[in-house]
Amino acid sequence: MKHRKLYAGIGGLVLASTAGIAGIQASNANESTTSSSARGNVQLEANLKSLNDSGAKGRVHAEFKGRKARVHIHARGLAKNLPHAQHLHFGADARNECPNVFDDANNDHRLNVAEGVPDYGPILKSLTTSGDTSPKSGLAVDRFPTTPKGVEKYERTINFAPGAVLRAIKSGKGVIVIHGVDHNGNGTYDFEGAGASELDPSLPAEATDPALCGVLR
Ligand SMILES: [Cu+2]
């Protein structure tokens, strides 16, 4: 009697797990995003929109596989032949969106990085062309894309630590920001355009003001 019960139990387990697999296969056929996120693989896109009247636009595609993301950025209309710091921003307390004119806290008719922080949070990843990708490289201007003709084509694999932050990014809460606005249109980042950066007074604000922003979802 005891044995029969045990056998029935195992049988039930096998049936349940078979049903589970069938269920996964069924959902796979119907909705690939559901089953791919279950494996930790997701495809995200961001439509980059102009900030600070930069006139730029662009798109981001990010293919997450487990803890790695292959990030593609294609942008145009950026200030020409100048380095553009670019990051994945995220803040657990942020609104996880892009700033707009109402975030211009000091009414100087430009949005600086700090004014956008309540929207997109601090830097999570620096999307550099080589080397370190941590927030420490946030202003590593010699390792960000420069933009001949204002065009940027970028592709790099970025590694993430496992955990809640990565899950939040995969669920659509990361924000891509590309910085660098030539406010006075003189072909260089200078202090005449908008003074010193609020992030680093040795850099012109033109080098750090956001030019493009898009939520990665
Ligand atoms: Cu940034």
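Counting starts at 1 for both ligands and their atoms, following the listed order. One-based numbering along the sequence shown.
- One N or O on the side chain of Asn96 and one on the backbone of Gly91 form a donor-acceptor pair closer than 3.5 Å.
- No side-chain donor from either of Ser54 and Asn52 sits under 3.5 Å from a side-chain acceptor of the other.
- The backbone N or O of Ala62 sits nowhere less than 3.5 Å from a side-chain atom of Gln43 that would complete a donor-acceptor pair.
- Within 6.0 Å of CZ in Arg95 there are more than 12 heavy atoms belonging to other residues, nucleotides or ligands.
- Defined by atom type and a distance below 3.5 Å, a donor-acceptor pair is present between the side-chain atoms of Thr128 and Arg156.
- In the displayed structure, Arg70 atom CZ is contacted under 6.0 Å by more than 12 heavy atoms of other residues, nucleotides or ligands.
- At a cut-off of 2.8 Å, measuring from the Cu ion (ligand 1), the protein N, O or S atoms that fall short of it are His87 ND1, His89 NE2, His179 NE2, waters left aside.
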